[in-house]
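The structure appears right after this line, and notes come after that.
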Amino acid sequence: MSDSSLRLVWVYPDLLSTYGDRGNALVVERRARQRGLNVQRVDVRSDQPIPTSGDIYLIGGGEDRPQRLAAERLRQDSGLPRAVDNGAIVFSVCAGYQILGHEFINDLGQREPGLGLLDVWSTRGEGARSVGDVLAEPDPRLGLATLTGFENHQGVTHLGQGVAPLAQVSVGGGNGDGNGTEGAWRDTVFGTYLHGPVMARNPAVADLLIKLALDVNALPPADTTWYDALRAERIAATGRQPA
């Protein structure tokens, strides 16, 4: 696959990079290079325009005020929606996930418009925060094994008709919508509350994004020894076994 190349865009690391979500960019880059792909990684700060020619866009979590600032700047910059229109893949975590929806509650307690790239909207939960390890069974259409991750959020995300749940939780709060769902996805746009970072715990997610970007059904095998050990450790920590 050495003739193939991949352009990876890490969106607003200065605002949205909480709980080690930068690790997702590192894992995607590493997994691509293991397959002989040429990777160009672009870290786009919030004072820079979002390029529209990327293949995979990654967005992390952030605290309430940085989330509001990120949403404002992404609305002003049409680069990300234009990239999606061009067929790009977007994977977002926590605050980034909420920003991709129609609206969320900002640090001022007000409804903040999102980008509308996912048919979801987020409110502030009234109960305890969802904090801790998560196990979730992904949508079978994605071809993924049990997902493991770490969540820390007060948000409740409601899914509309235009998306499917990324997974169904067996341990953890997930979207907190009362339906046991975790995350959401449609076509090439994904959102989740899972940190960890999620792709270090679930390298098959990184591989899925690479396959979608290259429009292939399979990738050459790559070593997963380190990832498998981390997955086993974190799954065991929940006291459950994957389905």
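Computed from heavy atoms alone, side chains included, the values below leave out hydrogens, waters and symmetry copies. Computed from a prediction, not measured in an experiment: that's the story for all the values here.
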Kindly indicate, with the supporting measurements, whether the criterion salt bridge (Lys or Arg N to Asp or Glu O under 4.0 Å) is fulfilled by R68 and D107. CA-CA 7 Å; R68 172 167 57 87; D107 58 311; 2.5 Å; yes

If the threshold is 4.0 Å, N to carboxylate O, is there a salt bridge linking R41 and D43? yes

Can any side-chain N or O of D139 pair as donor or acceptor with the backbone N or O of R141 at less than 3.5 Å? yes

Should the heavy atoms of other residues, nucleotides or ligands under 6.0 Å from CZ of R124 be counted, would the total exceed 12? yes

Would L219 and W226 show up in the same hydrophobic cluster when neighbours are defined by side-chain heavy atoms closer than 4.5 Å? yes

Is the backbone of V39 close enough, under 3.5 Å, to the side chain of R33 for a donor and an acceptor to pair up by distance? yes

Can you tell me if CD on Q110 sees more than 12 non-hydrogen neighbours from other groups inside 6.0 Å? yes

Tell me if the centroids of the rings in H158 and W121 come within less than 6.0 Å of each other. yes

Give me the atom names and distance for the closest heavy-atom approach of A206 to V27. CB-CG1, 4.0 Å

Checking side chain to side chain contact (heavy atoms under 4.5 Å, CB included) between L147 and each of L166, V134, L135, which is the one that passes? L166

Kindly say whether G61 contributes a backbone atom to a donor-acceptor pair with the side chain of D21 at under 3.5 angstrom? yes

Taking atom CG of L194 and atom CG of N152, what is their separation to the nearest 0.5 Å? 12.5 Å

Relative to each other, are the rings of H195 and Y19 parallel, tilted or perpendicular (30° and 60° limits)? perpendicular

Would you give the length of the straight line joining atom CZ of R31 to atom CG of L6, rounded to the nearest 0.5 angstrom? 13.5 Å

Please find the pair of heavy atoms, one from A70 and one from L16, that lie closest to each other, and give the distance. CB-CD1, 3.7 Å

Residue from T157, N175, T192 passing side chain to side chain donor-acceptor pair (under 3.5 Å) with Y97: N175

Locate the shortest heavy-atom distance separating L15 from S46; write the atom from each residue and the value. CD1-CB, 3.5 Å

Heavy-atom count check: over 12 atoms from other residues, nucleotides or ligands less than 6.0 Å from D215 CG? no

Between CD on residue E72 and CD on residue E112, distance to nearest 0.5 Å: 5.5 Å

If you count heavy atoms of other groups shown closer than 6.0 angstrom to CZ of R111, is the number above 12? no

Applying the 4.5 Å side-chain criterion to the ILVMFWY set and letting contacts propagate, would I56 and V11 be lumped into a single cluster? no

Check for a donor-acceptor pair, side chain of E29 on one end and backbone N or O of Q40 on the other, with a separation under 3.5 Å. no

Side-chain heavy atoms nearer than 4.5 Å, only ILVMFWY residues, links allowed to pass through others: does that put V120 and W185 together? no

Please round to the nearest 0.5 Å and tell me the distance separating atom CG of L80 and atom CD1 of I99. 10.0 Å

For atom CD of Q48, is the number of surrounding heavy atoms from other residues, nucleotides or ligands below 6.0 Å larger than 12? yes

Could you tell me whether N217 atom CG has more than 12 heavy atoms of other residues or ligands within 6.0 Å of it? no

Could you go through N106 and F104, starting from their C-alpha distance and side-chain angles, then the distance that decides it, and tell me whether this counts as side chain to side chain contact (heavy atoms under 4.5 Å, CB included)? CA-CA 6 Å; N106 65 22; F104 61 92; 4.2 Å; yes

If we only count heavy atoms from C-beta on, is the N179 to L159 side-chain gap below 4.5 Å? no

Quick one: do V156 and L118 end up in the same hydrophobic cluster if we chain Ile, Leu, Val, Met, Phe, Trp and Tyr together by side-chain heavy atoms under 4.5 Å apart? no

At what distance, to the nearest 0.5 angstrom, does CD of E137 lie from OG of S170? 5.5 Å

Pair V90, I59 - check side chain to side chain contact (heavy atoms under 4.5 Å, CB included), show working. CA-CA 8 Å; V90 180; I59 311 175; 4.2 Å; yes

Do T18 and C94 come close enough that some side-chain heavy atom pair is under 4.5 Å? no

Of all heavy-atom pairs between P203 and R231, which one has the smallest distance, and what is that distance? CD-CD, 4.2 Å

Where do W10 and S17 come nearest, in terms of heavy atoms and distance? CZ2-OG, 3.7 Å

Report the C-alpha separation of R234 and T148 in whole Å, then their side-chain angles, then the decisive distance to 0.1 Å, and conclude whether the side-chain hydrogen bond (donor to acceptor under 3.5 Å, both in side chains) test is met. CA-CA 7 Å; R234 299 322 307 162; T148 168; 5.9 Å; no

D119 pairs by side chain to side chain donor-acceptor pair (under 3.5 Å) with which of Q161, H102, R186? H102

If you take all heavy atoms of T181 and P165, which pair is closest and at what distance? CG2-CG, 3.7 Å

Evaluate the side chain to side chain contact (heavy atoms under 4.5 Å, CB included) criterion for residues S53 and R7: first the C-alpha distance (whole Å), next the side-chain angles of each, then the deciding distance (0.1 Å), finally the verdict. CA-CA 8 Å; S53 58; R7 193 175 194 208; 2.3 Å; yes

Quick check on the hydrophobic clustering: are Y227 and F91 connected, directly or via other members, by side-chain heavy-atom contacts under 4.5 Å? yes

Could you grab the distance from atom CG of L117 to atom OH of Y57, nearest 0.5 Å is fine? 11.5 Å

Starting from F150 and following side-chain heavy-atom contacts under 4.5 Å between hydrophobic residues (I, L, V, M, F, W, Y), which residues can be reached? V131

Are L144 and N202 side-chain neighbours, meaning at least one heavy-atom pair lies under 4.5 Å? no

Between L142 and F190, does a side chain to side chain contact (heavy atoms under 4.5 Å, CB included) hold up when you go through it step by step? CA-CA 11 Å; L142 298 174; F190 301 84; 4.0 Å; yes

Assess whether atom CZ of R30 is packed by more than 12 heavy atoms of other residues, nucleotides or ligands within 6.0 Å. no

So, are D207 and R35 salt-bridged, with charged N and O less than 4.0 Å apart? yes

Go through the steps for T225 and D223 under the test side-chain hydrogen bond (donor to acceptor under 3.5 Å, both in side chains), then give the verdict. CA-CA 6 Å; T225 303; D223 180 64; 2.8 Å; yes

Would you say the side-chain atoms of D133 pair up with the backbone N or O of T238, donor to acceptor, closer than 3.5 Å? no

Check: G173 main-chain N/O paired with E151 side-chain donor or acceptor under 3.5 Å: yes

